[in-house]
Number of protein chains: 4
Amino acid sequence: MWLNINPRDSEPIYLQIIRGVKTAAAKGVLQPGEKLPSVRELATELAVNHNTVAKAYQELERERVIEVIRGRGTFISLDSKPTNLDERLDEMRTSMRNWLVEAHHLGMTTKQFIDMVNEVVDDWTASREAVRHE
Amino acid sequence: MWLNINPRDSEPIYLQIIRGVKTAAAKGVLQPGEKLPSVRELATELAVNHNTVAKAYQELERERVIEVIRGRGTFISLDSKPTNLDERLDEMRTSMRNWLVEAHHLGMTTKQFIDMVNEVVDDWTASREAVRHE
Amino acid sequence: MWLNINPRDSEPIYLQIIRGVKTAAAKGVLQPGEKLPSVRELATELAVNHNTVAKAYQELERERVIEVIRGRGTFISLDSKPTNLDERLDEMRTSMRNWLVEAHHLGMTTKQFIDMVNEVVDDWTASREAVRHE
Amino acid sequence: MWLNINPRDSEPIYLQIIRGVKTAAAKGVLQPGEKLPSVRELATELAVNHNTVAKAYQELERERVIEVIRGRGTFISLDSKPTNLDERLDEMRTSMRNWLVEAHHLGMTTKQFIDMVNEVVDDWTASREAVRHE
DNA sequence: GTGGTCTAGACCACG
DNA sequence: GTGGTCTAGACCACT
């Protein structure tokens, strides 16, 4: 299964689902146009309340990551033009700035911070490649 | 004032305070050994309940960012060896991976992503310098 | 009930709760995976404010003694790897040293002291066995 | 100096003083009949409020560890018959039981606990010997 | 119904 | 005056 949920985690389950779908789509595990399980199917599979899955799907639709076609089901969007682009870029910058502060309090230099980013990017790229060659 | 709070923000106030103190300390606006306002002073100034400030200060103390000296007040730690280092570095890597996913859905390439990180780091470094020369 | 609280005791109630849960867990009265009463249930039962119970539970979670599963409740952890191990072992040694000083002022020899430790350990072991055979 | 105080420590200063005097007496650094500094002298030396030292001395006198002779000064008791013996032995047993619970949550066996006690006792005995041969 | 957050106001230990 | 603890009661996010 391309999606794992941990109800023990402090992150709300619906956010874990959102993140999981986005990650799978970004990695290519889920291809544009590919059908997602229905709300009830996924809820059963993950053993969570279906309202939780529904909430995740709603948010994903709002972000144009997925599309609901009435009567047919839910699909990864073909052309996902993001909403609120500038706003979300700003959020990302803010988040980075906050992690930079955190890094400082963990005794890291800015260089070490950038090295860590590069390391994570390399890992990510490698894991995308792995999916492509499956 | 080196600390601004937005009670309307969805982020809990006590977390905003924590972040604010950490940011000020990382920027050098608050120097090691410097006295922080008392719980009740800061509560008055921010127009929040003193318990909210107390909660923030307790968490900051737990993370060794600040120290309480009995009867005298609260101070920025001189030597703040962080707790749970490995765990928190892992959280950081996870967060970075999530940014990457997010960046992908915003239509960014990895190069653009790394550029953004560098841009944020440069801004941060500049703002630290600005504080130093005040 | 596996937990008794004395609001007149100089020890803060929330610490009594923490100690009570830890003792019950160590004795086997509370088994790993077992559900704890909800914050509000326990508050009602102990006739204390729910915030007091919440504070105790939060600290227990921080120490990995218990786990919160979102929406379902609070449970004794299955695998509780402690945090800050070395630091806490040091605290323990310090406390032992302080007992020794105390024992000296109560006129005890080191042999009598060690006998007392063994006696306490034996009592404890016996009370664990008693729980096991209930 | 036979007494060190750390105002950063979470333990109240007056308790640190009490413990310090008791430890010095138990180790033989302070001999029975030996004169202690006056409240004000000690307060100056430790850079703490003299009320704090006074409170510590009062408690030490109540426990018969020291004796105040009006006009002459304060002295380590010659014959320190402890007060509340049974009660204090019980407190000690309770403290040990609590640390045993703590040890369990740190993953220690009772054997490891007892080993730790023996180790601490040996260290203590060695440090007493060291004082005797100074 | 679960825990998390916040307010307002109180009391206490410590220095 | 400092932080620590507690109560009573409220609102919110999540499941």
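Keep in mind that what you see is a predicted model, and the values were worked out from it rather than measured. All chains are named by letter (A, B, ...) in the order of the sequence lines, taking the proteins before the strands, and each is independently numbered beginning at 1.
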Completion exercise
Closest non-hydrogen atoms of A:L3 and A:G20, given as atom of the first, atom of the second and distance, are CD1-CA, 3.6 Å

Completion exercise
Sorted by chain and residue number, the side-chain hydrogen bond (donor to acceptor under 3.5 Å, both in side chains) partners of B:R64 (sequence neighbours excluded) come out as C:E87

Practice task
Only pairs at least two apart or in different chains count here, so list each side chain to side chain donor-acceptor pair (under 3.5 Å) that has a residue in residues 11-32 of chain C.
Solution key: C:E11-C:R19, C:K22-C:E63, C:K22-D:E102

Fill in the blank from the handout: Each base of DNA chain E marked ( ) or [ ] if paired in-strand (Watson-Crick or G-U under 3.5 Å), | if paired to another strand and . if unpaired gives ||||||||||||||.

Problem - Test side-chain hydrogen bond (donor to acceptor under 3.5 Å, both in side chains) applied to B:T94 - qualifying residues, sequence neighbours left out - result: none

Practice task
Sequence neighbours left out, what passes side-chain hydrogen bond (donor to acceptor under 3.5 Å, both in side chains) with C:N98? Give chain and number order.
Solution key: none

Problem - Nearest non-hydrogen partners of D:S95 and C:S95, listed with the distance - result: OG-OG, 4.5 Å

Problem - Test item: C:R62 side-chain N/O and C:Y57 main-chain N/O as donor-acceptor pair under 3.5 Å - result: no

Fill in the blank from the handout: Residues pairing under salt bridge (Lys or Arg N to Asp or Glu O under 4.0 Å) where one sits in residues 32-58 of chain C, two or more places apart or in two chains, turn out to be none

Exercise for the section: Under 4.0 Å from any atom of DNA chain F, heavy atoms only: list the residues of residues 49-59 of chain C that qualify, in numerical order. Expected result: C:N49, C:H50, C:N51, C:T52, C:K55

Exercise for the section: Search all heavy atoms of B:L78 against all heavy atoms of B:P32 and return the closest pair with its distance. Expected result: CD2-C, 3.8 Å

Fill in the blank from the handout: Correct closest heavy-atom pair for A:P37 and A:W2 would be CD-CZ2, 3.9 Å

Practice task
Kindly say whether D:L36 contributes a backbone atom to a donor-acceptor pair with the side chain of D:T74 at under 3.5 angstrom?
Solution key: no

Practice task
Identify, with sequence neighbours excluded, every residue that meets side-chain hydrogen bond (donor to acceptor under 3.5 Å, both in side chains) alongside D:N51.
Solution key: D:N49

Exercise for the section: Identify, residue by residue, the members of residues 7-24 of chain A with a heavy atom below 4.0 Å from DNA chain F, and return them in order of residue number, or none. Expected result: A:P12, A:I13, A:Y14

Exercise for the section: Give the minimum heavy-atom separation between A:P82 and B:L106, together with the two atoms involved. Expected result: CB-CD2, 3.8 Å

Handout entry: Closest approach of B:A25 to B:I76 (non-hydrogen atoms, all atoms of both residues)
Key = CB-CD1, 4.4 Å

Handout entry: Close residues, residues 33-48 of chain C, relative to DNA chain E [heavy-atom separation under 4.0 Å]
Key = C:S38, C:V39, C:R40, C:E41

Practice task
Anything under 4.0 Å to a heavy atom of chain D counts; send over the first and last such nucleotide of DNA chain E, read 5' to 3'.
Solution key: E:dC14 to E:dG15

Problem - Pairs meeting criterion salt bridge (Lys or Arg N to Asp or Glu O under 4.0 Å) with involvement of residues 89-100 of chain D, two or more places apart - result: C:E119-D:R93, D:D90-D:R93

